[in-house]
Protein chains: 2
Amino acid sequence: MTNSVFIVDDHYMVIEGIRSLLQNEKGIEWAGHATNAASCLSFLQNQLPDVILMDISMPDKSGIDLCKEVKEKYPSVFIIGLSTFNQQSFIQKMMDNGASGYVLKNATQAELMEAIELVAKGKTYLSEEVSKVLRKQNDAHIVLTRREKEVLELIAGGLTNIEIGDKLFISSSTVDTHRKNLLAKFQAKNTASLIRIASQMEFI
Amino acid sequence: MTNSVFIVDDHYMVIEGIRSLLQNEKGIEWAGHATNAASCLSFLQNQLPDVILMDISMPDKSGIDLCKEVKEKYPSVFIIGLSTFNQQSFIQKMMDNGASGYVLKNATQAELMEAIELVAKGKTYLSEEVSKVLRKQNDAHIVLTRREKEVLELIAGGLTNIEIGDKLFISSSTVDTHRKNLLAKFQAKNTASLIRIASQMEFI
DNA sequence: TTGCCAATCCCTCAAAAACGGGATATTTTC
DNA sequence: GAAAATATCCCGTTTTTGAGGGATTGGCAA
């Protein structure tokens with residue numbers, strides 16, 4: 001069984017690297033590559049590969065959005081996310097948007113092959129490293145309400161409760177309540193640690 | 001003139017990609033590769049390439065430190081920094097530690113060749129993108145003193161002035177002064193915006 | 001040697017945040 | 001239709017901060 005593989009990544013070096021890793025593999029057929037989301041989509045109008053290796057960061061559109069769009073239009077294509085770092089939030093979002101696997105860019109050829117073969121059969125591939133991160137992330141998963149997100153953004157912007165209240169047309173007491181809830185959710189003891197944690201978790 | 005090139009990067013895909021990009025170039029001789037700082041250093045004991053392509057992020061040691069070490073031991077080797085993103089602070093530090101150039105991982109083959117050839121002659125290569133970032137960074141360059149960095153870290157950790165003072169064996173008034181200076185340097189109006197800005201500028 | 005800068009410490013006062021409650025209305029979900 | 005989540009508001013008290021000052025020491029460089 002031969003699987004055709006397409007790759008979307010804005011780094012030539014990575015495209016070349018993967019091509020080089022896969023070129024002598026019997027089970028792999030090189031469908032082509034794109035360096036941005038737009039040319040990936042136009043390629044898919046003419047030809048559907050079995051598997052797409054998709055970088056999460058691209059100039060015109062994030063891999064996360066592209067993944068969603070591709071899966072909506074072509075549900076039969078299997079997508080493997082690619083990224084340099086173990087970024088908790090990205091992996092989750094990529095999987096939520098229909099990716100079947102996630103591979104780090106330091107993967108070995110064997111891992112990559114394993115991922116492609118599994119995913120092409122409709123299964124899911126997550127390397128040990130990735131699934132460890134994913135598990136950790138789920139434990140510490142923080143869900144913010146719409147209002148809490150707004151308040152958090154404005155706190156990070158340096159506004160006081162009164163200023164935030166004015167901006168959102170609510171009383172400063174309400175802002176204070178949201179603030180308390182944010183501190184509780186992030187297990188932060190004050191504004192400084194709240195912003196640090198939220199920033200590192202990429203809420204802001 | 002033939003230049004021998006060695007590469008240090010913890011991502012196989014990138015190593016493969018660069019090898020693939022360079023393999024048919026007449027002026028390039030492939031000296032070898034390493035996936036971590038330690039094996040790079042042990043390679044250099046036996047053989048010195050003309051140019052080292054060095055990733056900034058590696059498991060055992062940052063490219064920034066490795067760059068410094070290599071240049072101290074083998075000043076004749078020219079180093080080109082490699083990274084995925086245009087990270088202001090890293091580029092500067094890499095150049096400060098003796099790198100002769102900086103290339104983004106989305107560089108084309110032509111750019112890479114140009115960089116290697118220029119750098120091997122002792123010149124400096126910075127792609128347009130990179131030098132733009134560097135210039136922008138210099139404008140908004142914020143220099144913190146040792147103490148200010150320590151205080152900033154602890155503020156981000158959620159400690160109060162008194163707690164920070166206890167930790168650093170200084171009075172809380174002193175901490176307050178450092179805090180004021182931090183606010184001024186970052187042009188932040190309060191702790192929340194200070195931490196946000198510092199976090200986004202990767203000071204913490 | 002004469003500055004400059006970093007680092008240290010002190011003061012006051014007002015503003016803001018943190019902490020501890022409690023309370024009500026409206027959605028959403030089960 | 002009841003329960004849970006969300007959003008709204010209020011109180012009082014204590015702690016922390018922000019914004020002004022001013023002052024001393026030691027090191028380094030012009």
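Note on naming: letters A, B, ... go to the chains in the order of the sequence lines (proteins, then strands), and numbering restarts at 1 for each one.
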Any carboxylate oxygen within less than 4.0 angstrom of a Lys/Arg side-chain nitrogen, looking at [X] and [Y]?
X        : Y        : value
B/Glu163 : A/Lys189 : yes
A/Lys105 : B/Asp10  : no
B/Lys185 : B/Glu148 : yes
A/Glu150 : A/Arg146 : yes

Does A/Thr174 reach a base, just sugar-phosphate, or nothing at all? Heavy atoms under 4.0 Å.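 Contact class for A/Thr174: base.
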Give B/Ser173 one of three labels, base, sugar-phosphate or nothing, depending on what nucleic acid heavy atoms sit under 4.0 Å from its own.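 Touches a base.
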Enumerate the residue pairs fulfilling salt bridge (charged side-chain N to carboxylate O under 4.0 Å, His left out) with a member in residues 37-47 of chain A, sequence neighbours excluded, ordered by first and then second residue. none
Could you name each residue pair satisfying salt bridge (charged side-chain N to carboxylate O under 4.0 Å, His left out) that touches residues 71-82 of chain A, not counting sequence neighbours?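 Sorted result for residues 71-82 of chain A: A/Glu69-A/Lys73.
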From C-beta outward on [X], which listed nucleotide comes closest to its side chain: [options]?
X        : options               : answer
B/Asp176 : C/dA18, D/dG18, D/dA7 : D/dG18
A/Arg147 : D/dA7, C/dT8, C/dC10  : D/dA7
A/Arg179 : D/dT17, C/dA17, C/dA7 : C/dA17

Among residues 159-166 of chain A, which contact DNA chain D at a heavy-atom distance under 4.0 Å?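 Those residues: none at all.
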Got a sec? Which of residues 182-190 of chain A come in under 4.0 Å of DNA chain D, heavy atoms? none
Whole angstrom value for the distance that separates [atom2] of [N] from [atom1] of [X]:
X        : N      : atom1 : atom2 : result
B/Leu168 : C/dA6  : CG    : P     : 17 Å
B/Leu144 : C/dA6  : CG    : C1'   : 13 Å
B/Glu148 : C/dA6  : CD    : P     : 7 Å
B/Ile195 : D/dT17 : CD1   : P     : 11 Å
B/Ile155 : D/dT17 : CD1   : P     : 8 Å
B/Asn181 : C/dT8  : CG    : P     : 12 Å
A/Arg146 : D/dA7  : CZ    : P     : 6 Å
A/Ile170 : D/dT6  : CD1   : C1'   : 12 Å

Contacts of A/Arg196 that satisfy side-chain contact (heavy atoms from CB on, under 4.5 Å) - sequence neighbours left out: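 So A/Arg196 forms a side-chain contact (heavy atoms from CB on, under 4.5 Å) with A/Gln200, B/Ala156, B/Ile195, B/Ile204.
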Suppose we screen for salt bridge (Lys or Arg N to Asp or Glu O under 4.0 Å). Which residues come up paired with B/Asp176, at least two apart in sequence or across chains? B/Lys180
Taking only residues two or more places apart in sequence or in another chain, which ones pass salt bridge (Lys or Arg N to Asp or Glu O under 4.0 Å) with B/Glu29? none
Approximate separation, where rounding is to 0.5 Å, of A/Ile7 CD1 and A/Glu16 CD: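 A/Ile7 CD1 to A/Glu16 CD: 10.0 Å, rounded to 0.5 Å.
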Between the axis at one end of the helix from C/dT1-D/dA30 to C/dC30-D/dG1 and the axis at the other (five pairs apiece), what's the angle to 10 degrees?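 The value is 60°.
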Which donor-acceptor pairs under 3.5 Å do side chains of residues 113-121 of chain B form with protein atoms, sequence neighbours excluded?
none

Listed by chain and number, what are the side-chain hydrogen bond (donor to acceptor under 3.5 Å, both in side chains) partners of B/Gln109, not counting sequence neighbours?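 Once residues adjacent in sequence are excluded, the partners of B/Gln109 under the side-chain hydrogen bond (donor to acceptor under 3.5 Å, both in side chains) criterion are B/Glu25.
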Under 4.0 Å protein heavy-atom contact, by nucleotide of nucleotides 21-30 of chain C - B base, S sugar-phosphate only: B---------
Can you tell me if A/Thr174 and A/Arg147 form a side-chain donor-acceptor pair at under 3.5 Å?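 No, A/Arg147 and A/Thr174 have no side-chain donor paired with an acceptor closer than 3.5 Å.
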Does a side-chain N or O of B/His178 approach OP1 or OP2 of C/dT8 to a distance below 4.0 Å, or not?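 B/His178 to C/dT8 OP1/OP2: side-chain N or O found under 4.0 Å.
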Can you see if the side chain of B/Ser171 gets near the phosphate of C/dC10 - specifically, an N or O under 4.0 Å from OP1 or OP2?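 For C/dC10, OP1 or OP2 has a side-chain N or O of B/Ser171 closer than 4.0 Å.
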Taking ring-ring contact (aromatic ring centres under 6.0 Å, His included) as the definition, give me every residue that meets it alongside A/Tyr12, ordered by chain and number, with sequence neighbours left out. none
Is the shortest side-chain heavy-atom distance between A/Ile56 and A/Leu82 below 4.5 Å? no
